[in-house]
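When a ligand or atom number is given, it counts from 1 through the structure's own listing order.
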Amino acid sequence: MDHFHYKNGIYHAEDVALDALAQDIGTPFYCYSTATLTRHYQVFSSHFPDAKICYAVKANGNLAVVKTLANLGSGADVVSEGEIRLALAAGIKPQDIVFSGVGKTASEMAYALNQNIFQFNVESIPELHLLSEMALAAGVKAQIAVRVNPDVDPKTHAKIATGHKESKFGIGMGQAMEVYRLAAGLKGIEIQGVSVHIGSQLTHLEPFAQAFARMRSFVGELRAAGFPINTLDLGGGLGIPYGNEEPPLPEAYAEIVRRETDGLNCRLIFEPGRVLVGNAGILVTRVIYVKQSEGRFFVIVDAGMNDLIRPALYEAYHDIVPIIATGEGSTELVDVVGPVCETGDIFAEQRLLKLPKAGDLLAFRTAGAYGAAMASTYNARPLIAEIMVNGAQYAVIRPRQSYDELLRRDRLPEWL
Ligand code: LLP
């Protein structure tokens with residue numbers, strides 16, 4: 001459920017009319033709904049009152065979005081020093097931060113140790129050695145979980161699957177016990193728990209159930225071997241409906257979690273990203289031209305793959321709706337494309353839509369997760385504005401990048 005809806009034929013974000021907003025802000029822009037963010041956080045967290053919910057900041061790193069979730073009690077799952085700084089800037093306490101990722105550098109570790117974050121999710125033996133050295137140098141102990149790769153097929157897009165044994169993520173079940181033995185012998189390391197994350201946009205429950213069941217028995221084995229396991233980090237990955245998928249409801253996911261963790265006596269950690277922010281954002285764009293060529297309609301809009309790369313990268317589906325629904329015009333099969341000079345700059349291919357006219361406004365729905373976060377300035381296109389709505393109020397939470405800012409990033413060498 002989200003708070004984007006039509007009122008008298010005009011698409012609104014909460015109580016803000018998006019045609020008027022587009023007039024004020026210019027297009028394209030991302031628009032986020034506070035009520036939707038709040039609702040999603042509350043629904044998810046209500047099922048896990050004793051758990052640490054660590055929002056996966058990578059999904060949407062806008063400070064106002066992170067702060068909205070932080071104010072509701074969220075911690076952060078981070079994958080870089082930049083994300084640690086962002087979480088702290090949003091008011092998240094270091095003790096509510098977990099640090100994931102396969103490529104943590106020495107200086108990132110030093111920064112995280114210095115901030116005294118809650119947990120490092122370690123993904124390799126060399127990382128474990130380096131973390132121990134860095135902790136010793138800082139005169140502290142790093143609290144760790146080993147990220148285990150449970151080798152389950154998450155049944156999601158190949159580019160966002162992580163829990164199969166050929167992926168670069170985590171440590172295979174066969175090797176994980178040995179890594180705990182090694183960790184126990186390292187002076188800079190304190191074992192605290194286990195972690196797992198098998199992929200993103202999961203629309204079936206069985207992979208979660210399989211992975212969590214494997215974690216359950218592994219926690220038992222670790223404890224039998226004498227390791228203290230107090231935290232169990234179950235990662236993120238819960239899918240959301242973009243089109244007609246029917247992802248599990250949070251209560252069904254919670255039921256699986258309860259079944260697989262009951263009596264384990266571990267503090268649970270979750271790293272939800274998309275499920276909190278995905279439906280809370282849309283991308284508003286204006287039609288520049290409608291072109292008809294070889295019997296095909298191309299709706300050319302002012303947003304490009306640099307602003308929202310998911311369709312180009314993952315063939316992802318985003319629902320496209322008009323901001324002003326007049327009901328006029330014919331329904332046609334159209335390609336909705338951006339201006340970027342790439343054949344892959346396509347938002348929708350042969351989609352049945354009411355044929356818009358040049359100047360009309362469209363919204364790409366479900367763009368709150370991995371939208372602005374993955375944007376670039378490819379084709380020298382400035383990063384677009386981000387707006388947050390709260391009831392009848394709105395604020396620019398990231399101004400559109402100016403051409404000046406874009407050009408100022410480069411320096412000429414002396415010889416030019
Ligand atoms: N934890 C870890 C260790 C992760 O790698 C991720 C996502 C999450 C949590 C959050 O997963 P979520 O709850 O959002 O599914 N750019 C892609 C998604 C990449 C996901 C990367 N890792 C997309 O647009 O679909």
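- Taking Phe364 as the reference, Phe347 meet the ring-ring contact (aromatic ring centres under 6.0 Å, His included) condition, with sequence neighbours excluded.
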Which atom pairs, nitrogen or oxygen on both sides, join ligand 1 and the protein at under 3.5 angstrom?
{"residue": "ligand 1", "atom": "1 (N)", "partner": "Asp77", "partner atom": "OD2", "Å": "3.3"}
{"residue": "ligand 1", "atom": "1 (N)", "partner": "Glu271", "partner atom": "OE1", "Å": "2.6"}
{"residue": "ligand 1", "atom": "5 (O)", "partner": "Lys58", "partner atom": "NZ", "Å": "3.4"}
{"residue": "ligand 1", "atom": "13 (O)", "partner": "Gly237", "partner atom": "N", "Å": "2.8"}
{"residue": "ligand 1", "atom": "13 (O)", "partner": "Gly273", "partner atom": "N", "Å": "2.9"}
{"residue": "ligand 1", "atom": "14 (O)", "partner": "Arg274", "partner atom": "N", "Å": "2.8"}
{"residue": "ligand 1", "atom": "14 (O)", "partner": "Tyr370", "partner atom": "OH", "Å": "2.6"}
{"residue": "ligand 1", "atom": "15 (O)", "partner": "Ser200", "partner atom": "OG", "Å": "2.4"}
{"residue": "ligand 1", "atom": "15 (O)", "partner": "Gly237", "partner atom": "N", "Å": "3.3"}
{"residue": "ligand 1", "atom": "16 (N)", "partner": "Tyr314", "partner atom": "OH", "Å": "2.7"}
{"residue": "ligand 1", "atom": "24 (O)", "partner": "Arg310", "partner atom": "NE", "Å": "2.6"}
{"residue": "ligand 1", "atom": "25 (O)", "partner": "Arg274", "partner atom": "NH1", "Å": "3.2"}
{"residue": "ligand 1", "atom": "25 (O)", "partner": "Arg274", "partner atom": "NH2", "Å": "2.8"}
{"residue": "ligand 1", "atom": "25 (O)", "partner": "Arg310", "partner atom": "NE", "Å": "3.4"}
{"residue": "ligand 1", "atom": "25 (O)", "partner": "Arg310", "partner atom": "NH2", "Å": "3.0"}

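- With hydrogens and angles ignored, the 3.5 Å screen pairs no side-chain donor or acceptor of Arg286 with any backbone N or O of Ala303.
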Tyr55/Tyr41 under ring pair (Phe, Tyr, Trp, His ring centres under 6.0 Å): CA gap, chis, key distance, verdict = CA-CA 9 Å; Tyr55 165 56; Tyr41 183 82; 8.9 Å; no
Solution key, residues 133-141 side-chain donor-acceptor pairs under 3.5 Å, sequence neighbours excluded:
none

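- A search for side-chain hydrogen bond (donor to acceptor under 3.5 Å, both in side chains) contacts involving Glu342 returns Tyr378, not counting sequence neighbours.
- For Tyr6 and Tyr11, the gap between ring centers is short of 6.0 Å.
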